K.L.:
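Here's a structure for you.
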Number of protein chains: 4
Amino acid sequence: MPRQPSATPRKQPKQERSQATVEAILSATTHILTENGYDQLTTNRVAEQAGVSIGSLYQYFPNKEALVFALAEHHANEMVQLAQYHLEGLSVGEASLQANRTIPEVLRQIVKAAVAAHAVNPKLHRVLHEQIPHREVMQRLDEAKMENLLRAFLAQRSDQLQPKNLELTVFVVERTVRALIHGAMIDRPELLKTGEFEQELIAMLSAYLVKK
Amino acid sequence: MPRQPSATPRKQPKQERSQATVEAILSATTHILTENGYDQLTTNRVAEQAGVSIGSLYQYFPNKEALVFALAEHHANEMVQLAQYHLEGLSVGEASLQANRTIPEVLRQIVKAAVAAHAVNPKLHRVLHEQIPHREVMQRLDEAKMENLLRAFLAQRSDQLQPKNLELTVFVVERTVRALIHGAMIDRPELLKTGEFEQELIAMLSAYLVKK
Amino acid sequence: MPRQPSATPRKQPKQERSQATVEAILSATTHILTENGYDQLTTNRVAEQAGVSIGSLYQYFPNKEALVFALAEHHANEMVQLAQYHLEGLSVGEASLQANRTIPEVLRQIVKAAVAAHAVNPKLHRVLHEQIPHREVMQRLDEAKMENLLRAFLAQRSDQLQPKNLELTVFVVERTVRALIHGAMIDRPELLKTGEFEQELIAMLSAYLVKK
Amino acid sequence: MPRQPSATPRKQPKQERSQATVEAILSATTHILTENGYDQLTTNRVAEQAGVSIGSLYQYFPNKEALVFALAEHHANEMVQLAQYHLEGLSVGEASLQANRTIPEVLRQIVKAAVAAHAVNPKLHRVLHEQIPHREVMQRLDEAKMENLLRAFLAQRSDQLQPKNLELTVFVVERTVRALIHGAMIDRPELLKTGEFEQELIAMLSAYLVKK
DNA sequence: AATGAATGAGGCTTCATTCAT
DNA sequence: AATGAATGAAGCCTCATTCAT
């Protein structure tokens, strides 16, 4: 486990004023990261861009790492929230709603959700994944929740599935969806213009999962 | 400049020594990177670890980035070489050799090759992918050759394939193979112990590619 | 401003609270100083430890130096008070009380008083003497009073003394007593367990002072 | 034991040039310390005053503390060297040379040596003792050697001594000599102008030590 | 009287790189 | 070709102090 403490926010803003300060700092961080890249990100520059003193920055973030971590966490949360919105009706408890939907239909929804999630702030997403050292910590941020959702879904349909090893299947599907959408977003954004790419991905997953 | 007379088969001392120096530097870089991580990698430390003066380091590498790039390139070359060894008989020209092999059989060979390639120096591979900023440059290193190989193979079998858009298919397959093997290597090394994971991957790709 | 009528003997709430605040601040300072050392002493940390806002701290102490000075003064006063308690009957005015006591007897009392004074808060005493920069100011705190007491005593007995230069003698005796007791307290606390060390000190001073 | 490593010089200068650099740095440190005091001592200012880049400073001293420590050590060594020069003929092995000298004569030599040692660089000595935090480390520098010398001498003459507990006597004498001379040097430099102060000190020690 | 958010000068230190020897 | 001393811009961060609320 990495030295979490140092990456943890320093104090909870109690007054309204400080909430604005924190937001200004995070906005400035995002701006510099997306416009100038990680190696232009200095705490002094963030403070300046935020219109805040460097001291204020350090009142809320113990160090530079914490700043980036907070941003990554916030970004991951936004992605997950949007994904969840797109996945409504897919949650385990509501069997009736999805009982009559085919696996490819559900996969379609999952892929749509993943695409939507990756569209939150692609520029930031890219920088976060390409330029930040020590991303081990952040890697996990979005991963876990997706896996849980997927595991629940696959477990429910296990009798209709070709693969037998649930954990392995979860890993394969989650990584495939994420890698392809992330890769397309970053390296071939034009692929996402038409629905063809998504169709192809859904086709592959369906062909793999559905028992013939 | 005339070539050395055949009576002096030994290489020029200069070149020999230089070669040793460069190798020492790259070894030291690898060592620090894998044992201590990218943020411990300083040019002075590399020189010290290599038993070479900092001045000598700069005689062979114009800057720190070049050092890491050379290492990444070297690593990528090793991966590709190993992959090629595993892919012998699959090259386009030798149609006869593979004509009678099924697509799943060929996919199996490709996956094996990718696994072998990723086993070259996993620790270094991980660091190179997780800790180096500006990985855009390196990303391309291994990618291109794999894609070419794959494109040639898929083109040859296009009549047996389900997907119609070749470029898209190449992208999907290449990314899937790489993401899953890389991800397993890094995050779930135990998955590679048994053949089950590879089987699953081959199953998915086959289900996707083969026309029913 | 008129004094409070006798019908309201209780102190003004304001003063009471202020007093408590000041005490909390000084306690916190002592605590941090003895437990963590001078370089961990920051005004913000003192305020936090005291359960008081940083603003309040600055209401009572104009700056950090004043904080430490107040503490040092307080400590010095406590030392002097305790010393005076042990020196009762030695004061100049009461000649009759001590007239029939030998010089070694009086020296014994002085040494006892000094030891008692140094036992007030040895941890704090040590920190105050070892870690505070600019101790010139504080140095004088305990010194002056001791010297006065000693000068009066020695002047009274000047006819029984070997040394002729009073000022010099005062200096020699005061420094010797203080240095040895302070040094023992700090570096050889075990020496103070038995009475041997004190005996030795008294023996030296007696041998020096008493005319043979 | 305090974190020695960090206070230890960083590398041995191998070339002549670097020796000069180190000396310039130490000179500058001394100068700032004596002329401006410890709280004006910043590493950047030292470098500037030394006519050296800040980088060079950090090539030889890992941190600010090490800088001061090196200076203190150097100063202590100079003091001890000078003291030893004044104590020639007093060393244990050369019994014949001192056999016929009285204890007061030897004490006189010791006191002279201590005075000479303290005269090395009084301004620096003062600052080192008054303004440097964490002086625990430095305290010991001069102390140990003096104690050894004294112990050897007193052991040799034990049959002529009044006090019986050798260790205690060593402590008492060493501290007394040091405290008085140091105190005089710092607070009453005029006392050292005439020989009276030294006489008095010798008188006290003689009266204490010599068996009657 | 109290609060605590905000300030910002300035300290320490690193490290890629140069260049005289 | 090699050495390693020297450079210095620039980064991170602390902390005494102020002041609006």
Side-chain angles (χ1 to χ4, degrees), chain A residues 11 13-22 39-48 51-65 67, chain B residues 13-15 17-18 21 39-48 51-67, chain C residues 13-15 17-18 21 39-48 51-67, chain D residues 11 13-22 39-48 51-65 67:
Chain A
K11 73 175 176 188
K14 291 175 189 173
Q15 296 182 8
E16 190 181 340
R17 186 164 45 138
S18 49
Q19 188 55 41
T21 299
V22 168
D39 55 9
Q40 305 262 30
L41 188 83
T42 71
T43 53
N44 281 293
R45 186 165 177 180
V46 169
E48 186 188 19
V52 147
S53 78
I54 182 66
S56 288
L57 188 155
Y58 276 92
Q59 213 143 79
Y60 300 105
F61 301 93
N63 51 47
K64 188 183 175 180
E65 203 184 351
L67 198 58
Chain B
K14 288 177 189 177
Q15 281 186 21
R17 185 147 57 123
S18 298
T21 298
D39 55 8
Q40 306 262 32
L41 189 84
T42 69
T43 52
N44 281 288
R45 186 167 176 179
V46 168
E48 186 190 21
V52 149
S53 76
I54 181 66
S56 290
L57 187 155
Y58 276 88
Q59 206 114 56
Y60 297 105
F61 300 93
N63 52 47
K64 187 184 176 181
E65 204 185 348
L67 193 60
Chain C
K14 289 179 188 174
Q15 281 186 21
R17 184 146 57 121
S18 298
T21 300
D39 56 8
Q40 306 262 31
L41 188 84
T42 69
T43 52
N44 281 288
R45 186 166 174 181
V46 168
E48 187 189 20
V52 148
S53 76
I54 181 66
S56 290
L57 188 155
Y58 275 88
Q59 205 115 57
Y60 298 105
F61 300 93
N63 52 47
K64 187 185 177 182
E65 205 184 348
L67 194 60
Chain D
K11 74 175 175 189
K14 292 176 187 172
Q15 296 182 8
E16 188 183 342
R17 186 166 43 141
S18 48
Q19 188 55 40
T21 298
V22 168
D39 55 8
Q40 305 263 29
L41 187 84
T42 71
T43 53
N44 281 292
R45 186 165 176 181
V46 168
E48 187 188 19
V52 148
S53 77
I54 182 64
S56 287
L57 188 155
Y58 277 91
Q59 211 140 77
Y60 300 105
F61 301 94
N63 52 46
K64 189 184 174 182
E65 202 184 350
L67 198 57

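Convention: sequence-line order gives letters A, B, ...; per-chain numbering from 1. This structure is a prediction, so every number in the text was calculated from the model and none was measured.
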K.L.:
With the side chain of D:Ser53 defined as its heavy atoms from C-beta on, choose the nearest nucleotide among F:dA6, E:dA1, E:dT7.
P.N.:
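It is F:dA6.
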K.L.:
B:Gln40 has an atom CD; how far is it from atom C1' of E:dT14, in whole Å?
P.N.:
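Distance, rounded to whole Å: 12 Å.
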K.L.:
Under a 3.5 Å cut-off for both distances, is E:dA20 Watson-Crick or wobble paired, and to whom?
P.N.:
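F:dT3 - that is the nucleotide pairing with E:dA20, both distances being under 3.5 Å.
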K.L.:
Would you mind reading off the distance between A:Phe61 atom CZ and E:dA5 atom P, rounded to a whole angstrom?
P.N.:
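Computing the A:Phe61:CZ to E:dA5:P distance gives 14 Å.
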K.L.:
Considering non-hydrogen atoms only, spot the tightest contact between A:Thr21 and A:Tyr60 and give its length.
P.N.:
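Closest pair (atom of A:Thr21, atom of A:Tyr60, distance): CG2-CE1, 4.1 Å.
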K.L.:
Rounding to an integer number of Å, can you tell me how far A:Lys64 NZ sits from E:dT14 C1'?
P.N.:
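In whole Å, E:dT14 C1' lies 13 Å from A:Lys64 NZ.
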K.L.:
Could you tell me which non-hydrogen atom of A:Val22 sits nearest to which non-hydrogen atom of A:Phe61, and how far apart they are?
P.N.:
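Shortest heavy-atom separation between A:Val22 and A:Phe61 comes out as CG1-CZ, 4.2 Å.
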K.L.:
Want to settle it: does C:Leu41 or D:Gly55 sit nearer the 5' end of DNA chain F, counting the closest nucleotide to each?
P.N.:
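Its nearest nucleotide lies further toward 5', so the answer is D:Gly55.
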K.L.:
How close or far is atom P of F:dT14 from atom CG of C:Asp39, stated in whole angstroms?
P.N.:
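About 14 Å, once rounded to whole Å.
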K.L.:
How would you label the contact of C:Ser56 with the nucleic acid (heavy atoms, under 4.0 Å): base, sugar-phosphate, or nothing?
P.N.:
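Contact class for C:Ser56: base.
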K.L.:
Nearest whole Å is fine: how far is E:dC15 P from D:Ile54 CD1?
P.N.:
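That distance rounds to 15 Å.
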K.L.:
What closest approach, in Å, do C:Leu57 and C:Val52 show between heavy atoms, and which atom pair accounts for it?
P.N.:
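Scanning both residues, the minimum pair turns out to be N-CG1, 4.1 Å.
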K.L.:
How close or far is atom C1' of E:dT18 from atom CG of B:Asn63, stated in whole angstroms?
P.N.:
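The distance from CG of B:Asn63 to C1' of E:dT18 comes to 14 Å, rounded to the nearest Å.
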K.L.:
By nearest atom, which of the nucleotides E:dA6, F:dA2, F:dT17 is closest to the C:Tyr58 side chain?
P.N.:
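So the side chain of C:Tyr58 is nearest to F:dT17.
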K.L.:
Under 4.0 Å between any heavy atoms, over every strand shown, what does B:Thr43 touch: base, sugar-phosphate, or nothing? Just pick one.
P.N.:
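Base contact - B:Thr43 has a heavy atom under 4.0 Å of at least one base atom.
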K.L.:
Quick one, A:Val46 with A:Lys64, criterion side-chain contact (heavy atoms from CB on, under 4.5 Å). Give me CA distance, side-chain angles, the key distance, then yes/no.
P.N.:
CA-CA 10 Å; A:Val46 169; A:Lys64 188 183 175 180; over 6 Å; no
K.L.:
Which value, rounded to the nearest 0.5 Å, describes the distance between C:Arg45 atom CZ and C:Gln40 atom CD?
P.N.:
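With rounding to 0.5 Å, CZ (C:Arg45) is 5.0 Å from CD (C:Gln40).
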K.L.:
Which whole-number value in Å describes the distance from D:Glu65 CD to E:dT13 P?
P.N.:
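Going from CD in D:Glu65 over to P in E:dT13 covers 9 Å.
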K.L.:
How do A:Leu57 and C:Thr21 order along DNA chain E: which one's closest nucleotide is nearer the 5' end?
P.N.:
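Whichever sits nearer the 5' end wins; that is C:Thr21.
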K.L.:
To the nearest angstrom, how far is C:Glu48 atom CD from E:dA5 atom P?
P.N.:
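Roughly 12 Å, once rounded to whole Å.
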K.L.:
Between A:Asn44 and C:Asn44, which is nearer to the 5' end of DNA chain F once each is assigned its nearest nucleotide?
P.N.:
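Residue closer to the 5' terminus by nearest nucleotide: A:Asn44.
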K.L.:
Identify which nucleotide among E:dT17, E:dA2, F:dT18 has an atom closest to any side-chain atom of C:Gln59, counting heavy atoms from C-beta outward.
P.N.:
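Within the option list, the nearest is E:dA2.
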